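Keep in mind the model is a prediction, meaning the values are calculated, not measured. By convention here, the first residue in the shown sequence is residue 1.
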Amino acid sequence: MSAYRWKNFHEDEDRPEKPRRFGVTEMRGPHYTLLSQNLLQDIFESMGQFVDGLKFSGGSHSLMPKSFVKEVIDMAHQHDIYVSTGDWAEHLLRKGPSAFSQYLEECKQMGFDTVELNVGSLNVPEENLLSFVRLIKSGGLKAKPQFAVKFNKSDVPVGGDRAFGAYIVPTPRSSEFVEDVDLLIRRAERCLEAGADMIMIDSDDICKHVDAVRADIIAKIIGRLGIERTMFEASNPRTSEWFVKQYGPRVNLFVNHSDVMDLECLRGRSLGKNHSSVLGSSYFLF
């Protein structure tokens, strides 16, 4: 008689049960598309064991009724899924420290677990950034600073090589100036020392497209900060596959809701193109 079992998380699997310190999958909530409570409920009920966190990206929660946001947060908590504010807190800082403190208190009352800080948008001195991290932690919430690596692309030619049918010699591509990655890592290290729980790395310019992944920068960030303390935004399944192939199932990734199952298959012990070997070994036994 056949023995059939769904995937479960043991020591011989790709990572442990929730709450996980590594191999975390954070899912994008309502942002690019509006996710109804029914859709979120379906995702949580069918794939809840594979979803560690839910993030309200782009300040989307500020446009929704508080009652709706609270219901979504409560629903996530029922499935042991933490909820992040996304990179919205920096907008409150423009109104002063008191507004930020009130925002943190409201986030706590609503049930949010994590407050994300977009370091690039904040544009504040390092000591101020660290004080914000400490303020979040003192309020009983988790802090997740978000960093982005910026390139100077002003010297990169744009457009085609023809004008009115005539061939135009392309302008030589000069070397790109990369923002000081060592400085970025040092600031991230200080955030961790101040109590930050994880560092989010934005996909723009380093891993948004798999054909242009800056593997050198990613390796440097992971090498200095550690794979358990960093999370990378994977904007599409191909990028997720690159991360898992390079760093294994322990890598922490932020993905769209539609990519959760695909990522979970990739985290399995075999990376077949059609995932049949993954499902065969990790999801069921005959």
Side-chain angles (χ1 to χ4, degrees), residues 14-16 18-28 52-53 55 57 82 84-87 89-90 113-138 141-151 177-210 212-235 239-255 263 266-267:
D14 45 48
R15 63 203 196 285
K18 296 193 297 184
R20 288 181 273 266
R21 294 182 298 105
F22 54 85
V24 173
T25 295
E26 185 171 292
M27 185 187 88
R28 178 179 280 108
D52 297 89
K55 172 178 170 179
S57 300
Y82 70 81
S84 171
T85 61
D87 52 346
E90 58 271 16
D113 306 284
T114 301
V115 174
E116 193 170 287
L117 294 172
N118 190 321
V119 177
S121 298
L122 281 174
N123 195 26
V124 296
E126 185 174 295
E127 291 304 320
N128 290 33
L129 172 63
L130 299 179
S131 67
F132 294 144
V133 171
R134 296 187 187 101
L135 188 60
I136 293 171
K137 295 295 293 183
S138 65
L141 298 165
K142 292 185 177 180
K144 182 188 288 185
Q146 175 181 311
F147 289 84
V149 181
K150 296 300 181 183
F151 290 75
F177 173 78
V178 184
E179 184 180 58
D180 190 341
V181 179
D182 286 315
L183 177 60
L184 180 153
I185 294 174
R186 179 55 190 148
R187 296 186 76 189
E189 286 175 334
R190 293 206 66 191
C191 285
L192 291 172
E193 292 168 0
D197 298 271
M198 190 172 291
I199 301 297
M200 171 71 80
I201 304 296
D202 191 88
S203 67
D204 286 349
D205 291 335
I206 67 166
C207 57
K208 191 168 187 176
H209 305 288
V210 71
V213 167
R214 288 301 303 262
D216 56 332
I217 294 176
I218 294 171
K220 198 168 191 177
I221 291 173
I222 292 179
R224 290 271 296 276
L225 301 181
I227 197 168
E228 296 182 7
R229 308 297 294 275
T230 51
M231 175 176 286
F232 293 87
E233 179 182 5
S235 52
T239 306
S240 296
E241 184 174 358
W242 182 90
F243 272 107
V244 176
K245 281 186 174 181
Q246 293 293 320
Y247 295 101
R250 297 169 65 94
V251 65
N252 303 314
L253 295 177
F254 169 55
V255 300
L263 173 57
L266 290 171
R267 290 192 195 273

**OP:** Inspect the surroundings of NZ in Lys142 and state if more than 12 heavy atoms from other residues, nucleotides or ligands are less than 6.0 Å away.
**Re:**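 Not more than 12 within 6.0 Å, no.
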So which atom in [X] and which in [Y] form the shortest heavy-atom distance, rounded to 0.1 Å?
| X | Y | value |
| --- | --- | --- |
| Cys191 | Ile199 | CB-CD1, 4.2 Å |
| Ile185 | Lys220 | CD1-O, 3.8 Å |
| Tyr82 | Asp113 | CA-OD2, 3.3 Å |
| Asn252 | Gly23 | OD1-N, 3.0 Å |
| Arg186 | Arg224 | N-NH2, 4.3 Å |
| Val149 | Ile206 | CB-CG2, 3.6 Å |

**OP:** Measure from the side-chain N and O atoms of Thr85 to the backbone N and O of Glu116, and report whether any donor-acceptor pair falls under 3.5 Å.
**Re:**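 Yes; judged by distance alone, with no hydrogens or angles, the pair exists.
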Subject >> Donor-acceptor under 3.5 Å (Arg229 side chain, Glu189 main chain) >> reply: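 Side chain of Arg229 to backbone of Glu189, a donor-acceptor pair under 3.5 Å: no, none is there.
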Please tabulate, one pair per line, all N/O donor-acceptor pairs under 3.5 Å involving side-chain atoms of residues 128-136, not counting sequence neighbours.
residue: Ser131; atom: OG; partner: Asn128; partner atom: O; Å: 2.5

**OP:** Report the distance from atom OG of Ser84 to atom CE of Met200, rounding to the nearest 0.5 Å.
**Re:**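 Reported value, rounded in 0.5 Å steps: 7.0 Å.
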Original post:
How long is the gap from CD1 on Ile201 to CD1 on Ile218, to the nearest 0.5 Å?
Top reply: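 Ile201 CD1 to Ile218 CD1: 9.5 Å, rounded to 0.5 Å.
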Original post:
Who are the ring pair (Phe, Tyr, Trp, His ring centres under 6.0 Å) partners of Phe232, not counting sequence neighbours?
Top reply: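 So Phe232 forms a ring pair (Phe, Tyr, Trp, His ring centres under 6.0 Å) with Phe243.
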Are side-chain heavy atoms of [X] and [Y] found at a separation under 4.5 Å?
| X | Y | value |
| --- | --- | --- |
| Pro16 | Phe22 | yes |
| Val255 | Ser240 | yes |
| Leu253 | Thr25 | no |
| Glu233 | Arg28 | yes |

**OP:** Evaluate side chain to side chain contact (heavy atoms under 4.5 Å, CB included) for Leu225 paired with Leu192, printing each intermediate quantity in order.
**Re:** CA-CA 9 Å; Leu225 301 181; Leu192 291 172; 4.2 Å; yes
**OP:** Step by step, work out the side chain to side chain contact (heavy atoms under 4.5 Å, CB included) result for Thr230 and Tyr247.
**Re:** CA-CA 12 Å; Thr230 51; Tyr247 295 101; over 6 Å; no
Original post:
Knowing that exactly one of Arg21, Arg20, Arg15 qualifies, which makes a salt bridge (charged side-chain N to carboxylate O under 4.0 Å, His left out) with Glu228?
Top reply: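 Among Arg21, Arg20, Arg15, the one that satisfies the salt bridge (charged side-chain N to carboxylate O under 4.0 Å, His left out) with Glu228 is Arg21.
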**OP:** Could you please spell out the steps behind the side chain to side chain contact (heavy atoms under 4.5 Å, CB included) verdict for Val251 and Arg267?
**Re:** CA-CA 9 Å; Val251 65; Arg267 290 192 195 273; 4.2 Å; yes
Original post:
Are Lys144 and Glu26 close enough for a salt bridge, meaning some N to O gap below 4.0 Å?
Top reply: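 Glu26 and Lys144: salt-bridged.
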Subject >> Which residues share a salt bridge (Lys or Arg N to Asp or Glu O under 4.0 Å) with Asp202, sequence neighbours left out >> reply: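 For Asp202 there are no salt bridge (Lys or Arg N to Asp or Glu O under 4.0 Å) partners, ignoring immediate neighbours.
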